[in-house]
Number of protein chains: 2
Amino acid sequence: MTKRKVSNPLALAVLALLTERSMHPYEMASTLRARAKEESIKLNYGSLYSVVESLQKHGLIEAIETLKEGRRPERTIYGITEPGRTEFADWLSELISVPVKEYTRFEAALSLLAGLPPDEVLGLLQLRAHRLTMEISAGESALARSAEQGLPRLFSIEFEYRITQARAELTFVEALIDEVADGRMEGYEFWRRVHESGEFPSNADIFGR
Amino acid sequence: MTKRKVSNPLALAVLALLTERSMHPYEMASTLRARAKEESIKLNYGSLYSVVESLQKHGLIEAIETLKEGRRPERTIYGITEPGRTEFADWLSELISVPVKEYTRFEAALSLLAGLPPDEVLGLLQLRAHRLTMEISAGESALARSAEQGLPRLFSIEFEYRITQARAELTFVEALIDEVADGRMEGYEFWRRVHESGEFPSNADIFGR
DNA sequence: TCGCGAATACTCGATCTCGAATACCATGAG
DNA sequence: CTCATGGTATTCGAGATCGAGTATTCGCGA
(Lines give C-alpha, C1' and ligand atoms only; values in the text may rest on other atoms or scores of the structure.)
Protein backbone atom coordinates (compact mmCIF):
# COMPACT_ATOMS: atom_id res chain seq x y z
CA MET A 1 0.00 0.00 0.00
CA THR A 2 1.49 3.29 -1.10
CA LYS A 3 1.25 6.58 0.72
CA ARG A 4 -1.72 8.87 0.43
CA LYS A 5 -1.38 11.77 -1.95
CA VAL A 6 -2.73 14.20 0.62
CA SER A 7 -1.79 13.27 4.15
CA ASN A 8 -2.81 16.16 6.37
CA PRO A 9 -5.73 15.06 8.60
CA LEU A 10 -7.32 18.40 7.87
CA ALA A 11 -7.88 17.06 4.36
CA LEU A 12 -9.89 14.21 5.86
CA ALA A 13 -12.08 16.71 7.63
CA VAL A 14 -12.56 18.62 4.39
CA LEU A 15 -13.66 15.45 2.63
CA ALA A 16 -16.04 14.70 5.50
CA LEU A 17 -17.62 18.14 5.25
CA LEU A 18 -17.99 17.98 1.48
CA THR A 19 -19.68 14.61 1.90
CA GLU A 20 -22.49 16.51 3.57
CA ARG A 21 -22.66 19.43 1.18
CA SER A 22 -20.53 21.64 -1.04
CA MET A 23 -19.00 24.69 0.51
CA HIS A 24 -16.14 27.15 0.27
CA PRO A 25 -12.96 26.94 2.37
CA TYR A 26 -13.83 29.62 4.86
CA GLU A 27 -17.16 27.93 5.54
CA MET A 28 -15.33 24.68 6.15
CA ALA A 29 -13.26 26.41 8.77
CA SER A 30 -16.21 27.95 10.53
CA THR A 31 -18.20 24.73 10.44
CA LEU A 32 -15.33 22.81 11.96
CA ARG A 33 -15.05 25.47 14.58
CA ALA A 34 -18.76 25.44 15.34
CA ARG A 35 -18.63 21.68 15.82
CA ALA A 36 -15.55 21.93 17.99
CA LYS A 37 -13.66 19.68 15.62
CA GLU A 38 -10.71 22.01 15.69
CA GLU A 39 -10.11 20.58 19.14
CA SER A 40 -9.18 17.27 17.53
CA ILE A 41 -7.94 18.31 14.11
CA LYS A 42 -5.41 21.05 13.84
CA LEU A 43 -6.83 23.86 11.79
CA ASN A 44 -5.13 26.90 10.45
CA TYR A 45 -5.86 28.91 7.38
CA GLY A 46 -2.61 28.38 5.60
CA SER A 47 -2.96 24.63 5.79
CA LEU A 48 -6.63 24.72 4.89
CA TYR A 49 -6.15 26.53 1.62
CA SER A 50 -3.17 24.50 0.54
CA VAL A 51 -4.89 21.27 1.50
CA VAL A 52 -7.94 22.22 -0.55
CA GLU A 53 -5.75 23.05 -3.50
CA SER A 54 -3.95 19.76 -3.19
CA LEU A 55 -7.20 17.79 -2.93
CA GLN A 56 -8.38 19.50 -6.08
CA LYS A 57 -5.14 18.80 -7.89
CA HIS A 58 -5.59 15.12 -7.13
CA GLY A 59 -9.19 15.05 -8.29
CA LEU A 60 -10.69 14.29 -4.89
CA ILE A 61 -12.70 17.49 -4.86
CA GLU A 62 -13.67 19.92 -7.62
CA ALA A 63 -14.58 23.58 -7.91
CA ILE A 64 -18.32 23.86 -8.39
CA GLU A 65 -18.65 27.60 -8.83
CA THR A 66 -16.98 30.84 -8.02
CA LEU A 67 -19.13 33.55 -6.54
CA LYS A 68 -18.28 37.17 -6.49
CA GLU A 69 -20.60 39.12 -4.25
CA GLY A 70 -20.01 42.82 -4.19
CA ARG A 71 -16.38 43.68 -3.81
CA ARG A 72 -15.54 40.86 -1.40
CA PRO A 73 -12.84 38.44 -2.33
CA GLU A 74 -14.34 35.68 -4.40
CA ARG A 75 -15.41 32.46 -2.80
CA THR A 76 -14.84 29.22 -4.63
CA ILE A 77 -17.31 26.51 -3.70
CA TYR A 78 -15.96 22.98 -3.77
CA GLY A 79 -17.76 19.66 -4.01
CA ILE A 80 -16.55 16.11 -3.47
CA THR A 81 -15.94 13.76 -6.41
CA GLU A 82 -16.47 10.01 -6.55
CA PRO A 83 -12.75 9.31 -6.08
CA GLY A 84 -12.96 11.70 -3.16
CA ARG A 85 -15.72 9.67 -1.51
CA THR A 86 -13.72 6.51 -1.94
CA GLU A 87 -10.60 8.09 -0.58
CA PHE A 88 -12.50 9.42 2.41
CA ALA A 89 -13.97 6.03 3.33
CA ASP A 90 -10.69 4.28 2.75
CA TRP A 91 -8.61 6.73 4.70
CA LEU A 92 -10.97 6.96 7.64
CA SER A 93 -11.17 3.16 7.73
CA GLU A 94 -7.43 2.96 7.90
CA LEU A 95 -7.18 5.53 10.67
CA ILE A 96 -9.71 3.62 12.74
CA SER A 97 -8.41 0.14 12.17
CA VAL A 98 -4.66 0.49 12.25
CA PRO A 99 -2.94 1.96 15.29
CA VAL A 100 0.01 4.12 14.32
CA LYS A 101 2.94 5.08 16.47
CA GLU A 102 2.68 8.78 17.27
CA TYR A 103 5.59 10.68 18.69
CA THR A 104 4.46 12.77 21.63
CA ARG A 105 6.48 15.43 23.33
CA PHE A 106 6.09 13.87 26.72
CA GLU A 107 7.38 10.55 25.49
CA ALA A 108 10.42 12.31 24.08
CA ALA A 109 10.93 14.03 27.42
CA LEU A 110 10.64 10.75 29.33
CA SER A 111 13.27 9.21 27.12
CA LEU A 112 15.69 11.95 28.18
CA LEU A 113 14.62 12.10 31.80
CA ALA A 114 18.05 11.26 33.09
CA GLY A 115 19.29 14.56 31.69
CA LEU A 116 17.88 16.43 34.66
CA PRO A 117 18.64 15.66 38.34
CA PRO A 118 16.06 13.49 40.13
CA ASP A 119 14.87 16.10 42.60
CA GLU A 120 14.14 18.58 39.84
CA VAL A 121 12.35 15.90 37.84
CA LEU A 122 10.24 15.18 40.88
CA GLY A 123 9.00 18.75 41.12
CA LEU A 124 8.32 18.95 37.42
CA LEU A 125 6.33 15.74 37.45
CA GLN A 126 4.27 17.05 40.34
CA LEU A 127 3.54 20.16 38.34
CA ARG A 128 2.46 18.05 35.40
CA ALA A 129 0.23 15.90 37.58
CA HIS A 130 -1.44 19.00 38.93
CA ARG A 131 -2.03 20.47 35.50
CA LEU A 132 -3.30 17.18 34.15
CA THR A 133 -5.80 16.99 36.96
CA MET A 134 -7.13 20.40 36.07
CA GLU A 135 -7.32 19.58 32.39
CA ILE A 136 -9.22 16.41 33.09
CA SER A 137 -11.84 18.14 35.14
CA ALA A 138 -12.12 20.94 32.59
CA GLY A 139 -12.63 18.32 29.90
CA GLU A 140 -15.21 16.50 31.96
CA SER A 141 -17.27 19.59 32.55
CA ALA A 142 -17.08 20.62 28.91
CA LEU A 143 -18.36 17.18 28.01
CA ALA A 144 -21.15 17.38 30.56
CA ARG A 145 -22.13 20.78 29.24
CA SER A 146 -22.46 19.63 25.66
CA ALA A 147 -24.42 16.57 26.76
CA GLU A 148 -26.81 18.85 28.64
CA GLN A 149 -27.33 20.83 25.48
CA GLY A 150 -28.40 17.69 23.71
CA LEU A 151 -25.36 16.75 21.63
CA PRO A 152 -25.39 12.95 21.27
CA ARG A 153 -22.26 11.13 22.42
CA LEU A 154 -21.60 9.98 18.88
CA PHE A 155 -20.43 13.51 18.14
CA SER A 156 -18.31 14.05 21.20
CA ILE A 157 -16.70 10.66 21.52
CA GLU A 158 -13.30 12.13 20.71
CA PHE A 159 -13.39 14.17 23.91
CA GLU A 160 -14.05 11.07 25.93
CA TYR A 161 -11.06 9.48 24.29
CA ARG A 162 -8.87 12.40 25.17
CA ILE A 163 -10.01 12.32 28.79
CA THR A 164 -9.37 8.59 28.97
CA GLN A 165 -5.84 9.09 27.75
CA ALA A 166 -5.23 11.98 30.10
CA ARG A 167 -6.40 9.90 33.04
CA ALA A 168 -4.10 7.07 32.11
CA GLU A 169 -1.23 9.50 31.85
CA LEU A 170 -2.05 10.94 35.25
CA THR A 171 -1.99 7.49 36.81
CA PHE A 172 1.35 6.83 35.18
CA VAL A 173 2.81 10.14 36.30
CA GLU A 174 1.64 9.62 39.86
CA ALA A 175 3.23 6.19 40.01
CA LEU A 176 6.42 7.67 38.60
CA ILE A 177 6.39 10.44 41.20
CA ASP A 178 6.17 7.89 44.00
CA GLU A 179 9.07 5.90 42.66
CA VAL A 180 11.29 8.90 42.17
CA ALA A 181 10.32 10.35 45.53
CA ASP A 182 11.44 7.38 47.56
CA GLY A 183 14.38 6.48 45.37
CA ARG A 184 12.83 3.16 44.43
CA MET A 185 13.33 3.85 40.71
CA GLU A 186 15.86 1.49 39.24
CA GLY A 187 18.98 3.41 38.23
CA TYR A 188 18.30 6.07 40.85
CA GLU A 189 21.72 5.89 42.47
CA PHE A 190 23.50 6.29 39.17
CA TRP A 191 21.15 9.11 38.25
CA ARG A 192 21.81 11.10 41.41
CA ARG A 193 25.54 10.47 41.31
CA VAL A 194 25.94 11.66 37.74
CA HIS A 195 24.30 14.97 38.52
CA GLU A 196 26.03 15.47 41.87
CA SER A 197 29.48 14.76 40.55
CA GLY A 198 28.89 17.35 37.88
CA GLU A 199 29.48 15.13 34.91
CA PHE A 200 29.07 11.94 33.03
CA PRO A 201 31.27 8.92 33.59
CA SER A 202 33.75 8.92 30.73
CA ASN A 203 32.34 5.68 29.47
CA ALA A 204 29.04 4.91 31.02
CA ASP A 205 28.83 1.54 32.65
CA ILE A 206 25.11 1.33 32.24
CA PHE A 207 24.16 -1.22 29.65
CA GLY A 208 23.24 0.35 26.37
CA ARG A 209 24.60 3.72 27.28
CA MET B 1 7.12 33.16 27.10
CA THR B 2 8.13 33.26 23.49
CA LYS B 3 8.60 30.27 21.21
CA ARG B 4 11.80 28.27 21.09
CA LYS B 5 14.15 29.04 18.27
CA VAL B 6 14.59 25.37 17.45
CA SER B 7 11.48 23.37 18.10
CA ASN B 8 12.06 19.90 16.69
CA PRO B 9 12.32 17.40 19.59
CA LEU B 10 15.23 15.86 17.75
CA ALA B 11 17.15 19.00 18.68
CA LEU B 12 16.50 18.22 22.32
CA ALA B 13 18.00 14.79 21.84
CA VAL B 14 21.02 16.35 20.15
CA LEU B 15 21.52 18.67 23.10
CA ALA B 16 21.18 15.71 25.48
CA LEU B 17 23.84 13.76 23.61
CA LEU B 18 26.25 16.68 23.45
CA THR B 19 25.81 17.11 27.20
CA GLU B 20 27.56 13.78 27.54
CA ARG B 21 30.27 14.33 24.97
CA SER B 22 31.00 16.05 21.68
CA MET B 23 30.25 14.10 18.52
CA HIS B 24 29.42 14.40 14.85
CA PRO B 25 25.89 14.12 13.45
CA TYR B 26 26.14 10.61 12.17
CA GLU B 27 27.36 9.43 15.53
CA MET B 28 24.39 11.13 17.17
CA ALA B 29 22.12 9.15 14.93
CA SER B 30 23.77 5.84 15.66
CA THR B 31 23.90 6.50 19.39
CA LEU B 32 20.20 7.32 19.45
CA ARG B 33 19.57 4.17 17.53
CA ALA B 34 21.70 2.05 19.82
CA ARG B 35 19.78 3.37 22.80
CA ALA B 36 16.46 2.80 21.09
CA LYS B 37 15.61 6.47 21.48
CA GLU B 38 14.49 6.63 17.89
CA GLU B 39 11.45 4.74 19.15
CA SER B 40 10.40 7.85 21.03
CA ILE B 41 11.97 10.65 19.04
CA LYS B 42 11.47 10.73 15.32
CA LEU B 43 14.83 10.52 13.64
CA ASN B 44 15.67 10.99 10.02
CA TYR B 45 18.79 12.23 8.42
CA GLY B 46 17.38 15.24 6.70
CA SER B 47 15.98 16.59 9.96
CA LEU B 48 19.09 15.74 11.89
CA TYR B 49 21.45 17.74 9.72
CA SER B 50 19.19 20.75 9.45
CA VAL B 51 18.47 20.69 13.17
CA VAL B 52 22.20 20.62 13.91
CA GLU B 53 22.75 23.53 11.58
CA SER B 54 19.97 25.47 13.20
CA LEU B 55 21.26 24.77 16.70
CA GLN B 56 24.64 26.03 15.61
CA LYS B 57 23.16 29.13 14.04
CA HIS B 58 21.53 29.97 17.34
CA GLY B 59 24.68 29.41 19.33
CA LEU B 60 23.41 26.40 21.29
CA ILE B 61 26.10 24.15 19.90
CA GLU B 62 29.39 24.87 18.16
CA ALA B 63 31.70 23.12 15.70
CA ILE B 64 34.70 21.81 17.58
CA GLU B 65 36.70 20.40 14.71
CA THR B 66 36.38 19.06 11.22
CA LEU B 67 38.09 15.81 10.46
CA LYS B 68 38.95 14.59 7.05
CA GLU B 69 40.08 10.97 7.03
CA GLY B 70 41.11 9.63 3.67
CA ARG B 71 38.69 10.54 0.96
CA ARG B 72 35.58 10.16 3.11
CA PRO B 73 33.23 13.07 3.45
CA GLU B 74 34.41 15.26 6.26
CA ARG B 75 32.91 14.90 9.70
CA THR B 76 32.24 17.97 11.76
CA ILE B 77 32.32 17.36 15.48
CA TYR B 78 29.98 19.51 17.54
CA GLY B 79 30.01 20.40 21.21
CA ILE B 80 27.40 22.03 23.44
CA THR B 81 27.75 25.64 24.59
CA GLU B 82 26.66 27.18 27.88
CA PRO B 83 23.50 28.67 26.34
CA GLY B 84 22.91 25.22 24.93
CA ARG B 85 23.01 23.62 28.38
CA THR B 86 20.60 26.19 29.69
CA GLU B 87 18.26 25.73 26.78
CA PHE B 88 18.36 21.97 27.23
CA ALA B 89 17.45 22.09 30.92
CA ASP B 90 14.79 24.70 30.33
CA TRP B 91 13.20 22.94 27.40
CA LEU B 92 13.20 19.51 28.99
CA SER B 93 11.72 21.01 32.15
CA GLU B 94 8.93 22.52 30.15
CA LEU B 95 8.18 19.30 28.32
CA ILE B 96 7.93 17.42 31.59
CA SER B 97 5.94 19.93 33.53
CA VAL B 98 3.42 21.28 31.07
CA PRO B 99 1.05 18.91 29.30
CA VAL B 100 0.43 19.96 25.71
CA LYS B 101 -2.46 19.03 23.51
CA GLU B 102 -1.22 16.66 20.83
CA TYR B 103 -3.30 15.92 17.77
CA THR B 104 -3.37 12.19 17.18
CA ARG B 105 -4.68 10.49 14.09
CA PHE B 106 -7.04 8.31 16.01
CA GLU B 107 -8.59 11.28 17.75
CA ALA B 108 -9.16 12.89 14.37
CA ALA B 109 -10.74 9.67 13.13
CA LEU B 110 -13.02 9.47 16.17
CA SER B 111 -14.20 13.00 15.57
CA LEU B 112 -15.36 11.94 12.10
CA LEU B 113 -16.67 8.53 13.09
CA ALA B 114 -20.18 9.29 11.90
CA GLY B 115 -18.85 9.48 8.35
CA LEU B 116 -18.82 5.70 8.08
CA PRO B 117 -21.82 3.41 8.73
CA PRO B 118 -21.98 1.86 12.21
CA ASP B 119 -21.52 -1.74 11.16
CA GLU B 120 -18.36 -0.91 9.26
CA VAL B 121 -17.05 1.11 12.17
CA LEU B 122 -17.68 -1.87 14.40
CA GLY B 123 -15.48 -4.15 12.31
CA LEU B 124 -12.74 -1.54 12.05
CA LEU B 125 -12.71 -0.98 15.80
CA GLN B 126 -12.43 -4.72 16.34
CA LEU B 127 -9.47 -4.78 14.02
CA ARG B 128 -7.86 -1.97 15.96
CA ALA B 129 -8.48 -3.70 19.26
CA HIS B 130 -6.81 -6.80 17.94
CA ARG B 131 -3.79 -4.94 16.66
CA LEU B 132 -3.48 -2.95 19.86
CA THR B 133 -3.46 -6.16 21.85
CA MET B 134 -0.60 -7.48 19.78
CA GLU B 135 1.35 -4.25 20.07
CA ILE B 136 0.93 -4.22 23.80
CA SER B 137 2.29 -7.70 24.23
CA ALA B 138 5.12 -7.00 21.81
CA GLY B 139 5.97 -3.91 23.85
CA GLU B 140 5.81 -5.84 27.10
CA SER B 141 8.17 -8.50 25.92
CA ALA B 142 10.60 -5.96 24.49
CA LEU B 143 10.60 -4.27 27.87
CA ALA B 144 11.13 -7.55 29.69
CA ARG B 145 13.99 -8.38 27.36
CA SER B 146 15.85 -5.17 27.99
CA ALA B 147 15.30 -5.52 31.75
CA GLU B 148 16.81 -9.00 31.57
CA GLN B 149 19.84 -7.55 29.87
CA GLY B 150 20.33 -5.23 32.78
CA LEU B 151 19.04 -1.90 31.46
CA PRO B 152 17.70 0.03 34.47
CA ARG B 153 14.08 1.20 34.25
CA LEU B 154 15.22 4.81 34.31
CA PHE B 155 16.31 4.35 30.70
CA SER B 156 13.26 2.54 29.43
CA ILE B 157 10.55 4.44 31.25
CA GLU B 158 9.27 5.85 27.97
CA PHE B 159 8.31 2.37 26.82
CA GLU B 160 6.29 1.84 29.93
CA TYR B 161 4.51 5.07 29.25
CA ARG B 162 3.67 4.01 25.75
CA ILE B 163 2.32 0.67 26.97
CA THR B 164 0.24 2.42 29.59
CA GLN B 165 -1.31 4.64 26.96
CA ALA B 166 -1.92 1.75 24.61
CA ARG B 167 -3.68 -0.19 27.34
CA ALA B 168 -5.92 2.75 28.14
CA GLU B 169 -6.75 3.09 24.47
CA LEU B 170 -7.59 -0.60 24.26
CA THR B 171 -9.97 -0.32 27.18
CA PHE B 172 -11.62 2.66 25.55
CA VAL B 173 -11.92 0.92 22.19
CA GLU B 174 -13.39 -2.19 23.75
CA ALA B 175 -16.03 -0.16 25.58
CA LEU B 176 -16.80 1.65 22.35
CA ILE B 177 -17.15 -1.65 20.50
CA ASP B 178 -19.70 -2.86 23.01
CA GLU B 179 -21.74 0.27 22.74
CA VAL B 180 -21.77 0.27 18.97
CA ALA B 181 -22.45 -3.45 18.82
CA ASP B 182 -25.66 -3.31 20.81
CA GLY B 183 -26.80 0.05 19.51
CA ARG B 184 -26.56 1.60 22.95
CA MET B 185 -24.45 4.48 21.60
CA GLU B 186 -26.30 7.73 21.81
CA GLY B 187 -27.09 8.99 18.31
CA TYR B 188 -27.03 5.46 16.93
CA GLU B 189 -30.43 5.65 15.25
CA PHE B 190 -29.57 8.85 13.46
CA TRP B 191 -26.22 7.39 12.48
CA ARG B 192 -27.70 4.26 10.93
CA ARG B 193 -30.52 6.15 9.19
CA VAL B 194 -28.21 8.65 7.53
CA HIS B 195 -26.15 5.91 5.97
CA GLU B 196 -29.09 3.73 5.00
CA SER B 197 -31.04 6.51 3.36
CA GLY B 198 -27.97 7.27 1.28
CA GLU B 199 -27.54 10.85 2.34
CA PHE B 200 -27.51 13.57 4.88
CA PRO B 201 -30.62 15.37 6.04
CA SER B 202 -30.66 18.68 4.21
CA ASN B 203 -30.31 20.50 7.47
CA ALA B 204 -29.23 18.25 10.25
CA ASP B 205 -31.43 18.33 13.29
CA ILE B 206 -28.70 17.23 15.57
CA PHE B 207 -27.54 20.00 17.82
CA GLY B 208 -24.34 21.60 16.70
CA ARG B 209 -24.37 19.91 13.34
C1' DT C 1 -25.13 58.58 10.76
C1' DC C 2 -20.58 57.91 12.02
C1' DG C 3 -17.08 55.04 13.65
C1' DC C 4 -15.21 50.79 15.20
C1' DG C 5 -14.79 46.15 16.41
C1' DA C 6 -16.03 41.64 14.69
C1' DA C 7 -16.58 38.69 10.99
C1' DT C 8 -15.50 37.33 6.26
C1' DA C 9 -12.21 35.47 2.98
C1' DC C 10 -7.90 34.56 1.63
C1' DT C 11 -2.51 35.31 0.52
C1' DC C 12 2.29 34.96 1.15
C1' DG C 13 6.77 33.53 1.91
C1' DA C 14 9.94 31.96 5.47
C1' DT C 15 10.82 27.89 7.71
C1' DC C 16 10.58 22.98 8.48
C1' DT C 17 10.37 18.19 7.16
C1' DC C 18 11.24 14.31 4.68
C1' DG C 19 13.63 10.42 2.82
C1' DA C 20 15.66 9.03 -1.46
C1' DA C 21 19.97 9.49 -3.53
C1' DT C 22 24.91 9.79 -3.52
C1' DA C 23 29.46 8.43 -2.63
C1' DC C 24 32.83 6.26 -0.31
C1' DC C 25 35.23 2.39 2.30
C1' DA C 26 35.84 -2.15 4.77
C1' DT C 27 34.91 -6.88 4.95
C1' DG C 28 34.63 -11.40 3.53
C1' DA C 29 32.52 -15.09 0.52
C1' DG C 30 33.36 -17.52 -3.59
C1' DC D 1 41.10 -11.20 -6.69
C1' DT D 2 36.69 -9.33 -7.38
C1' DC D 3 32.16 -8.50 -6.47
C1' DA D 4 28.46 -7.85 -3.39
C1' DT D 5 26.97 -6.35 1.03
C1' DG D 6 26.57 -3.35 4.66
C1' DG D 7 28.17 0.51 7.28
C1' DT D 8 29.63 5.50 7.20
C1' DA D 9 28.39 10.35 6.35
C1' DT D 10 25.92 13.76 4.13
C1' DT D 11 23.23 16.50 0.48
C1' DC D 12 19.27 18.07 -1.94
C1' DG D 13 15.08 19.79 -3.42
C1' DA D 14 10.16 19.00 -3.47
C1' DG D 15 6.54 19.59 -0.71
C1' DA D 16 4.22 20.71 3.79
C1' DT D 17 3.30 23.89 7.47
C1' DC D 18 2.50 28.00 9.71
C1' DG D 19 0.26 32.09 11.26
C1' DA D 20 0.67 36.87 10.74
C1' DG D 21 -0.93 40.06 7.49
C1' DT D 22 -4.34 42.23 4.14
C1' DA D 23 -8.55 43.86 2.59
C1' DT D 24 -13.32 44.23 2.75
C1' DT D 25 -18.01 44.43 4.72
C1' DC D 26 -21.44 44.10 8.41
C1' DG D 27 -23.75 45.23 12.62
C1' DC D 28 -24.60 48.18 16.23
C1' DG D 29 -24.20 51.54 19.81
C1' DA D 30 -23.56 56.54 20.67
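Sequence lines set the chain letters: A, B, ... in the order given, protein chains first and strands last, and positions in each chain run from 1.
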side-chain contact (heavy atoms from CB on, under 4.5 Å) against [X], all qualifying residues, sequence neighbours excluded:
| X | value |
| --- | --- |
| E140(A) | I136(A), S137(A), I163(A), R167(A) |
| R153(A) | I157(A), E160(A), E179(B), M185(B), E186(B) |
| T171(B) | none |
| K5(B) | H58(B), E87(B) |

Could you give the [atom1]-to-[atom2] distance, from [X] to [N], as a whole number of Å?
| X | N | atom1 | atom2 | result |
| --- | --- | --- | --- | --- |
| R33(B) | dG7(D) | CZ | P | 11 Å |
| M28(A) | dT8(C) | CE | C1' | 15 Å |
| E53(B) | dG13(D) | CD | C1' | 14 Å |
| Y26(A) | dT22(D) | OH | P | 17 Å |
| R75(A) | dA23(D) | CZ | P | 21 Å |
| L48(A) | dT11(C) | CG | C1' | 13 Å |
| L55(B) | dC16(C) | CG | C1' | 13 Å |
| L43(A) | dA20(D) | CG | P | 14 Å |

Mind checking what makes side-chain hydrogen bond (donor to acceptor under 3.5 Å, both in side chains) contact with [X], not counting sequence neighbours?
| X | answer |
| --- | --- |
| E148(A) | none |
| E38(B) | R33(B) |
| E27(A) | R21(A) |

Would you tabulate the pairs of protein nitrogen or oxygen atoms and nucleotide nitrogen or oxygen atoms of nucleotides 19-22 of chain C closer than 3.5 angstrom?
residue, atom, partner, partner atom, Å
dG19(C), N7, G46(B), N, 3.3

Within residues 101-109 of chain A, the residues having a heavy atom closer than 4.0 Å to DNA chain D are none
Does the side chain of N8(A) get closer than 4.0 angstrom to OP1 or OP2 of dT17(D) through an N or O atom? yes
(Q) Please classify the nucleic acid contact of S50(A) as base, sugar-phosphate, or nothing, using heavy-atom distances under 4.0 Å. (A) base
So what does K5(B) touch, heavy atoms closer than 4.0 Å: a base, only the sugar-phosphate, or nothing?
sugar-phosphate
On a heavy-atom basis, the closest approach of G115(A) and H195(A) is O-CE1, 3.2 Å
Practice item. Report yes if some heavy atom in the side chain of Q165(A) is under 4.5 Å from a heavy atom in the side chain of E107(B); otherwise report no. Key: no
Residues pairing under ring-ring contact (aromatic ring centres under 6.0 Å, His included) where one sits in residues 124-153 of chain B, two or more places apart or in two chains, turn out to be none
Here the ring-ring contact (aromatic ring centres under 6.0 Å, His included) pairs for residues 87-115 of chain B, sequence neighbours left out, are Y161(A)-F106(B)
Rounding to the nearest 10°, end axes of the helix from dT1(C)-dA30(D) to dG30(C)-dC1(D) built from five pairs each make an angle of 10°
